[in-house]
Amino acid sequence: MATPTKDYDFTAIEPKWQAFWAENRTYRAKDFEEKPTFYVLDMFPYPSAAGLHIGHPEGYTASDALKRFKKAQGFNVLHPMGWDAFGLPTEQYAIKTGTHPAVTTKDNVASFKQQLTRLGFTYDWEREVNTTDPGYVKWTQWIFKQLFRQGLAYVDEKPVWFCPELGTVLANEEVLNTPEGPRSERGAFPVERRPIRQWVLRITEYAERLIAGLKDLDWPDSTKRLQENWIGRSEGGEIAFDVAGHDARLEVFTTRPDTLYGATYMVIAPEHPMVATITSAEQKAAVDSYIEKAKRKSDLERAELSKEKTGVWTGANAINPVNGQEIPVWVADYVLMTYGTGAIMAVPAHDERDFAFAKEFELEIIQVIDDDGSAEKDPSGMLTAAYTGPGKLINSGEHSGCDHETAKNAIIAKLAAENRGKATVNFKLRDWLFSRQRYWGEPFPIVWVSEADYAKADDSLKSLERPVSCQIDGETRFALALPDSELPLELPEVESYTPSPDGQSPLSKAGEWLCVYIDPQTGATSPAARDGWLAGARETNTMPQWAGSCWYYLRYIDPENTAALIDPDKAKYWGMPDLYIGGAEHAVLHLLYARFWHHVLYDLGVVSDPEPFKQLFHQGIILGEDGEKMSKSRGNVVNPDTIIEGYGADALRLYLMFLGPLEAMKPWNTQGIEGIARFLRKIWRLVVDENGGLHSRVGATEKLDEASERVLHVTIKKVTEDYDSLGFNTAISQMMICTNQLAKADALTRESIETVLKLVAPLAPHLAEELWQRLGHNNSIVEAGWPKYDESKLVKDRVKIIFQVNGKYRGDTELPADHSKDEAIAAAKACERVQSFIEGKTIKKEIYVPGKIVNIVAV
RNA sequence: AGGAGCGUAGCCCAACUGGCAGAGGCAUAUGGCUUAGACCCAUACAAGUAAGGGUUCAAAUCCCUUCGCUCCUACCA
């Protein structure tokens with residue numbers, strides 16, 4: 001039944017078609033259909049209590065439109081949606097109100113879903129995933145188990161933010177940097193780094209492959225570069241320095257072994273384990289106080305104060321292995337314990353930081369790379385800044401005169417022969433801290449047992465190559481993984497969601513849940529003791545939110561599977577996402593973590609392609625009307641619901657795409673939506689007359705006038721191409737041109753109006769379906785296919801040729817489209833104005849750009 | 001400090017990758033329609049591409065310098 005409205009009444013039309021698509025399962029993705037497939041993936045949202053903001057519908061409109069477009073073109077399209085539903089806000093709400101996070105999650109998901117539906121987004125809800133569902137958690141835990149068994153997970157004491165006042169661990173985003181130092185977001189209390197037992201994933205073992213894999217991806221270059229820099233590969237060497245008077249060796253990493261002769265001092269990080277052993281009695285007080293000060297600085301402060309270098313001599317000297325020189329060993333916080341070996345050889349002549357430090361503390365500066373006169377020097381011939389360029393070695397003993405690149409290898413080779421050094425590769429990337437002291441996350445499928453019991457357990461429960469152990473309550477415990485039959489391990493009910501004051505997870509108070517007995521053969525568990533079973537304690541940390549979002553795109557392919565993560569045949573049928581649309585804020589972490597897991601799954605044979613996301617697109621950010629980032633505090637937030645009430649979902653969708661290029665950052669302008677509303681009303685009036693009947697113009701002719709015919713085919717071509725490249729703003733503009741043209745025509749063919757509807761349907765699906773129905777169809781417009789343009793209709797038989805003399809416009813004319821170069825030039829020369837400009841000059845050159853321009857160069 | 005990107009009518013944006021700077025929309029103005037307003041229709045309207053220099057027959061587009069804005073990164077040896 002068509003709605004009876006005479007005017008474009010979106011409030012009646014939109015719910016009707018949303019119900020239609022749902023009832024008819026119009027956009028259901030059927031496995032194994034004999035069609036080419038297209039998998040378009042949105043970054044799934046965290047279902048917050050606040051609901052959708054305008055940024056969500058931007059990317060989602062693009063993917064919804066692309067989905068409808070591809071389906072009309074005959075693809076079997078997979079376009080699913082789900083919920084990244086573990087997370088802090090829900091947990092904090094639980095702490096405040098006592099409401100179970102699962103309850104809050106359910107409510108929030110329901111309202112998000114309703115909002116998405118109101119926007120006309122037709123996800124295949126039969127494939128909905130929710131990272132908090134037990135059926136999903138099972139496989140997240142299963143993947144973790146594989147990582148564990150491959151030796152890619154271990155436990156370590158890692159510093160995390162802890163607030164003594166609040167008695168809780170804080171996430172990075174809950175810590176603010178203030179002039180007084182790091183403070184808690186809540187209450188502004190001082191916070192400190194405290195080492196707590198954590199699970200860590202060895203992502204660094206995949207560093208090399210994660211860089212190499214970027215090469216063939218169709219991603220924005222900036223994002224690829226970002227990941228590459230984040231992984232931060234650098235080649236260099238490790239060199240061992242003896243410490244004078246100690247039986248100790250100081251290992252350093254350097255990318256410039258060629259400058260070894262210029263090393264005039266060394267620096268070790270304040271946290272370096274050797275600080276205590278090599279510091280002399282005289283220097284101990286100064287060093288201790290320096291270390292104490294460094295400890296209290298946040299990472300940011302340490303970086304911020306970079307202009308002034310600080311440090312203290314340890315009282316020890318090291319011996320330069322190439323020339324036996326004794327050089328002082330300093331402690332300074334510009335050297336980071338977390339990179340390389342936590343110690344450096346300082347070459348002030350050729351490193352800016354070392355130079356600044358040497359100047360500050362009046363340390364020796366020896367130039368060992370010849371700058372060939374290119375570096376600035378003071379009157380005495382001393383460098384005024386570090387010289388980091390290339391050159392031949394000087395002051396370098398037997399290596400003097402050698403090119404610095406060859407010297408790198410030569411010096412490392414020499415040291416290697418003496419067992420004092422080797423070539424190495426270092427990464428900025430650090431292992432991934434993979435646990436949280438929180439309730440609302442996936443429990444680890446891990447049980448801790450004593451060393452003696454560990455020996456009794458079956459190998460299938462262990463990380464064989466690299467057993468994982470840690471100290472719990474002063475005893476050494478070993479990790480066993482639960483067997484698949486015990487998955488999912490669900491969260492226990494707890495009385496309080498607040499972490500315990502000692503920084504342990506809320507699960508540490510989960511009473512009976514914690515203690516468990518394990519069958520050493522099968523890993524089966526029991527709450528009660530059984531003969532021969534091992535007494536164990538469950539892991540109380542939970543996984544971070546990344547865990548669920550690392551692999552959700554796989555689960556859409558086979559969301560209900562209880563026997564496997566995904567069915568290999570289905571995975572093969574759908575393949576990996578053809579396009580992934582999401583914000584650039586996830587350029588590094590989410591996309592890197594997901595790639596890491598995917599590489600591991602590839603190694604395990606679960607997926608058949610090492611890279612998950614072939615093509616990536618970042619939608620831009622929509623700013624408030626004031627051009628500032630939307631935020632509650634600025635009061636410039638645009639609520640999608642308000643726009644839908646005033647203009648309808650179709651208008652909002654169209655307008656979001658019309659604001660500017662999808663990837664651009666662009667300000668919202670409420671007034672501008674009027675133009676889109678007019679456009680939609682104009683399309684309505686092309687089909688429906690004042691009385692609500694079919695407009696008499698439609699079908700009043702069998703042949704469109706020539707101008708309209710041409711515009712129509714140009715529009716089909718342009719819109720098709722633009723949709724393919726996500727150029728929605730220009731596609732809309734072209735459709736406006738087209739409807740303006742058709743609105744002027746006295747009579748329209750039925751086909752022409754149907755074509756317009758098909759073209760606009762991906763963006764304004766409700767309007768298109770309604771008018772399609774009013775034209776007498778009873779199926780969805782997406783079933784009607786995609787229009788094709790006729791090349792012959794595009795060519796004009798006459799074209800305008802511009803005449804230029806010396807590059808300046810001097811006239812034009814119309815010529816038949818198939819004119820020759822000579823004809824064009826002759827026409828130009830025949831033009832009076834052109835003649836007046838070339839008169840008395842010699843023609844040096846005649847340039848002809850086919851179909852466009854004639855330029856006569858005359859002097 | 002380093003890296004990336006951007007700068008075109010009052011505003012949002014186009015310009016086939018070097019070929020007449022303008023397609024579209026907003027706003028504005030005038031007129032028509034209307035009892036009136038809204039809607040609708042018609043007409044009008046504007047920049048020489050941040051500034052300067054270079055390459056070229058030809059530059060918004062390529063190169064250099066400067067200015068402005070945005071985004072990343074944060075002593076990675």
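Per chain, numbering begins at 1; letters A, B, ... match sequence-line order.
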Trainee: With rounding to whole Å, what would you report as the distance between A9(B) and G48(B) at their P atoms?
Mentor: 8 Å
Trainee: Should U73(B) form a Watson-Crick or G-U wobble pair with both distances under 3.5 Å, which nucleotide is its partner?
Mentor: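 Base-paired to A1(B).
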Trainee: Starting at the 5' end of RNA chain B, which residue's closest nucleotide do you reach first, Tyr809(A) or Arg233(A)?
Mentor: Tyr809(A)
Trainee: Between C11(B) and A50(B), how far apart are the two P atoms, rounded to whole Å?
Mentor: 13 Å
Trainee: How close or far is atom C1' of A77(B) from atom CZ of Phe427(A), stated in whole angstroms?
Mentor: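 The answer, rounded to whole Å, is 16 Å.
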Trainee: In the 5'-to-3' direction, what one-character label does each nucleotide of nucleotides 9-15 of chain B receive under the scheme B = base within less than 4.0 Å of a protein heavy atom, S = sugar-phosphate only, - = no such atom?
Mentor: ---SSS-
Trainee: For G37(B), does the O4'-C1'-N9-C4 or O4'-C1'-N1-C2 angle fall within 90° of 0, making it syn, or is it anti?
Mentor: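 It is anti.
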Trainee: Lys408(A) versus Glu235(A): any side-chain heavy-atom pair under 4.5 Å?
Mentor: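 Counting from C-beta outward, Lys408(A) and Glu235(A) never come under 4.5 Å.
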Trainee: Could you check which of A77(B), G19(B), C57(B) has an atom nearest any side-chain atom of Gln804(A)?
Mentor: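 Within the option list, the nearest is G19(B).
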Trainee: Roughly how many Å apart are U49(B) and U34(B), using the P atom of each and rounding to a whole number?
Mentor: 47 Å
Trainee: Should Ser222(A) be listed as having a side-chain N or O under 4.0 Å from OP1 or OP2 of G3(B)?
Mentor: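 Negative; the distance criterion is not met.
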Trainee: If you check every side-chain atom of Ile737(A), which of C57(B), G24(B), C75(B) has the closest atom?
Mentor: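 Nucleotide nearest to Ile737(A)'s side chain: G24(B).
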Trainee: Let me check something: any side-chain donor-acceptor pairs from residues 710-719 of chain A under 3.5 Å, sequence neighbours excluded? List them with distances.
Mentor:
residue, atom, partner, partner atom, Å
Arg710(A), NH1, Leu794(A), O, 2.5
His713(A), ND1, Asp790(A), N, 2.9
Thr715(A), OG1, Val711(A), O, 2.6
Thr715(A), OG1, Gln734(A), NE2, 3.0
Lys717(A), NZ, Glu721(A), OE2, 3.3
Lys718(A), NZ, Asp722(A), OD2, 3.1

Trainee: Within less than 4.0 Å of OP1 or OP2 of A27(B), is there a side-chain N or O belonging to Arg678(A)?
Mentor: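 For Arg678(A), the contact criterion (side-chain N or O under 4.0 Å from OP1 or OP2 of A27(B)) is met.
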Trainee: Please determine, for U56(B), whether a Watson-Crick or G-U wobble partner exists with both distances under 3.5 Å, and give it or none.
Mentor: none
Trainee: I'd like the C1' distance from U17(B) over to A60(B), given in whole Å.
Mentor: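 Rounded to whole Å, the distance is 12 Å.
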Trainee: From G19(B), A77(B), G24(B), pick the nucleotide closest to the side chain of Ile847(A)?
Mentor: G19(B)
Trainee: Between A27(B), G19(B), A77(B), which nucleotide gets closest to the side-chain atoms of Val849(A)?
Mentor: G19(B)
Trainee: Choosing from A4(B), C75(B), C39(B), which nucleotide comes nearest the side chain of Arg681(A)?
Mentor: C39(B)
Trainee: Which residue pairs satisfy the salt bridge (Lys or Arg N to Asp or Glu O under 4.0 Å) criterion with at least one member in residues 727-748 of chain A, sequence neighbours excluded?
Mentor: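 Every pair satisfying salt bridge (Lys or Arg N to Asp or Glu O under 4.0 Å) with a residue in residues 727-748 of chain A: there are none.
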Trainee: So which nucleotide does U8(B) pair with, by the Watson-Crick or G-U wobble rule with both distances under 3.5 Å?
Mentor: none
Trainee: Is the cationic atom of Lys821(A) (NZ for Lys, CZ for Arg) positioned less than 6.0 Å from the six-membered ring centroid of Tyr848(A) and within 45 degrees of its normal?
Mentor: no
Trainee: Closest approach to the side chain of Lys309(A), judged atom by atom: which nucleotide of C75(B), A77(B), A27(B) is it?
Mentor: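 Out of C75(B), A77(B), A27(B), the nucleotide with an atom closest to Lys309(A)'s side chain is C75(B).
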Trainee: At under 4.0 Å between heavy atoms, what does Thr338(A) touch on the DNA or RNA strands: base, sugar-phosphate, or nothing?
Mentor: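 The residue Thr338(A) makes no contact with any strand.
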Trainee: G7(B) and A15(B): how far apart are their P atoms, nearest whole angstrom?
Mentor: 11 Å
Trainee: Does any pair with a residue in residues 837-848 of chain A pass salt bridge (Lys or Arg N to Asp or Glu O under 4.0 Å), and if so which ones, sequence neighbours excluded?
Mentor: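 Counting only pairs at least two positions apart or across chains, the salt bridge (Lys or Arg N to Asp or Glu O under 4.0 Å) contacts touching residues 837-848 of chain A are Lys829(A)-Glu846(A).
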Trainee: Using purine N1 to pyrimidine N3 plus N6-O4 or O6-N4 for Watson-Crick, or N1-O2 and O6-N3 for G-U wobble, each under 3.5 Å, what pairs with U35(B)?
Mentor: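 When the pairing criteria are applied, nothing turns out to pair with U35(B), so the answer is none.
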Trainee: Look at Arg233(A) together with Glu208(A) and state whether they make a salt bridge at an N to O cut-off of under 4.0 Å.
Mentor: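 Salt bridge present between Arg233(A) and Glu208(A).
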Trainee: Now, which nucleotide makes the Watson-Crick or G-U wobble pair with A15(B), with each of the two distances under 3.5 Å?
Mentor: none
Trainee: Write down the distance between NZ (Lys224(A)) and P (C72(B)), rounded to a whole number of angstrom.
Mentor: 22 Å
Trainee: Regarding Asn740(A), tell me which of base, sugar-phosphate or nothing describes its non-hydrogen contacts under 4.0 Å with the strands shown.
Mentor: sugar-phosphate
Trainee: Quantified in whole Å, what is the P atom distance between nucleotide G52(B) and nucleotide C41(B)?
Mentor: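 That atom pair is separated by 42 Å.
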Trainee: Starting at CD of Glu674(A) and ending at P of C26(B), how long is that distance when rounded to a whole Å?
Mentor: 8 Å
Trainee: Have a look at Lys682(A) and say if it touches a base, only the backbone sugar-phosphate, or nothing, with a 4.0 Å heavy-atom cut-off.
Mentor: sugar-phosphate
Trainee: Just call it for Glu352(A): base, sugar-phosphate, or nothing, with non-hydrogen atoms closer than 4.0 Å on any strand.
Mentor: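 Result for Glu352(A) = nothing.
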Trainee: Using Watson-Crick or G-U wobble geometry with both distances below 3.5 Å, tell me the partner of A44(B), or none.
Mentor: U28(B)
Trainee: Quick one: which residue pairs count as a salt bridge (Lys or Arg N to Asp or Glu O under 4.0 Å) with a foot in residues 723-738 of chain A, not counting sequence neighbours?
Mentor: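 Listed by first then second residue: Lys70(A)-Asp724(A).
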Trainee: With a cut-off of 3.5 Å and sequence neighbours excluded, list every side-chain donor-acceptor pair involving residues 420-427 of chain A.
Mentor:
residue, atom, partner, partner atom, Å
Arg420(A), NH1, Ala240(A), O, 3.4
Arg420(A), NH2, Asp242(A), OD2, 2.6

Trainee: How do Thr341(A) and Gln734(A) order along RNA chain B: which one's closest nucleotide is nearer the 5' end?
Mentor: Gln734(A)
Trainee: From G19(B), C75(B), G24(B), pick the nucleotide closest to the side chain of Tyr334(A)?
Mentor: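 Between G19(B), C75(B), G24(B), the one nearest the side chain of Tyr334(A) would be C75(B).
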Trainee: Who is the Watson-Crick or G-U wobble partner of A50(B), with both distances under 3.5 Å?
Mentor: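 U66(B) is the nucleotide pairing with A50(B).
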Trainee: Has Arg810(A) got its NZ or CZ under 6.0 Å from the middle of the six-membered ring of Phe803(A), at an angle within 45 degrees of the ring axis?
Mentor: no
